[in-house]
Amino acid sequence: MRKSLRPILLLSLIAFAASAQQSLHFDGYSWWAHVKFLADDSLEGRDTGSEGLRKAQAYAVEQFQKAGLEPAGTDGFYQPVHFIQYQVDESKSSLTLVNKDESKHLSFADDAFISSHATHTSAAISAPLVFIGYGLRIPEKNLDELADLDLKGKIVVYLAGSPADIPTALASHYQTLAERWKNLREAGAIGTIGILNPASMDIPWSRISANHNQPSMDLADPEFNETQGLDLGIAFNPASAEQLFAGSGHTFAEIAALGKNRKPLPHFPLAVSLQAAAAITAKRVTSANLVAKLPGTDPDLKDEFVVLSAHIDHIGIGAPINGDRIYNGAMDNGSGSALVFDIAASLKAHPETLKRSILFLVVTAEEKGLLGSKYFAAHPTVPLKSIVADINVDMFLPIVPLKILKIEGLEESDLGTRAAAIAQSLGVKPIPDPEPLRNAFIRSDQYSFIKKGVPAVKMDVGFELGTPEQKIFKDWLTNRYHAPSDDINQPVDLQAAALYEEITRRQIIDTAKPSARPQWEPDSFFRRYAM
Ligand SMILES: [Zn+2]
């Protein structure tokens, strides 16, 4: 896709110039220039381990040097990270549902696929299936969907999602692969079939399916293995899920209707069982995080760090859509990386009193499961205890004027409440995540810090439910999210980007100044990690 976008851009620039927003440190132009570099076709979608990502990282290092930042990696600005890449050899793999004497072969394109993210070694398995509802065990809410079920040697089937009375952060946390598997393993399960929830799918199955056999990655070091004992992980198309329930006395239609309204789900053994052969290939891949430092000025506080993080990797080259195979990742997350460069330059050009030091962290392998940040949080290049906060920026989507700021983690720490106050001071209304089912709080790199006890927030340009803006965001997710059209030929609002950068800049300064460190709220679930 090489269609020119000039007219749209021009309009947006004129509108911006006319609006006379004083006191902003940003104009949107430099941000867009960085995005254009990172999302250029020549960088081939910046896949982890690729030449394109290395070019993007060389560009990032250039920006850090220009801004006069100090290297803070283990090898200059770089912190090398080692991975193993897994892929399913589908020519040697199969999934078959068996119901009494009848068996039905599942199609890898239409019905289901083996997730190499959850399946790391080849396996041949034949096992009964049990439907476990959402499959959650949440002690804080006295919810145990695994109670009274015999799961020993079974493959569990669950619907992605959570009951309505579970708060967002908690529901998100317990739906991570690691947390989910911890409980299932304890209960004796050997595999999982996750049915995507039609009510909360960001992208349609046709697009998921088109790229279902892209390789996945995990950190090479065994200390990071969170799926020990998981022999088989499968993702299931909700449109094909009815056959799992045949003969069980229940239908998927009934389950999906309950799931749509976040109602409690029943739990019961299924009449069909699964015969599976999974052939997995593995190879080693190396990539790197980038770490740069702007030293603080206070003798007592300069050894403490406020982290500004953004991932620079994207998903590379994939199945063609409208003839385009390059998944450019302009908003995901060229936009956040560009912001990091802009803020670095701005803090140097218009120095503020930064008592604490700022750590600019540009991570790799976010798209592989937050792996770069997970590695950094486990092996930080400054002492973990010296990190007071993480402000993470990922796909903040300046595609409408910035009037509403969605703050993930708003109610979890004073970092959230202070972000809200800064937004308000600039005439922007702060709101918590209006779409908790999307699990956004655990879906980006802030989560790696949260799990190490570090208060964190992620902010995005937002909308209120039932407004025309909601439809703009919904359409963006359906059509552009993780698609080749998340490229530089899309309309963006440069003024919204500039204002968002200003809010982030002020938040960093605000967090670097006072002597008190940000704190988790007393009732925050995530406080436990800080103990
Ligand atoms: Zn992404």
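Nothing fancy with the numbering, it's 1 onward along the sequence. We count ligands from 1, going down the list as the structure has it; atoms in each ligand are counted the same way.
- Aromatic pair Tyr529/His173: centroids less than 6.0 angstrom apart.
- Side-chain contact annotation: Asn333 with His314, donor-acceptor N/O pair under 3.5 Å absent.
- His82 and Tyr375 share no side-chain donor-acceptor pair at under 3.5 Å.
- If you look at the Zn ion (ligand 1), the protein N, O or S atoms less than 2.8 Å from it are Asp332 OD2, Glu367 OE1, Glu367 OE2, His482 NE2.
- The aromatic ring centroids of Trp205 and Phe236 lie 6.0 Å or more from each other.
- Between Lys182 and Glu179 there is a salt bridge, since at least one side-chain N of the basic residue sits less than 4.0 Å from a carboxylate O of the acidic one.
- With sequence neighbours excluded, the residues that form a side chain to side chain contact (heavy atoms under 4.5 Å, CB included) with Arg207 are Ile203, Pro204, Ile321, Ala483.
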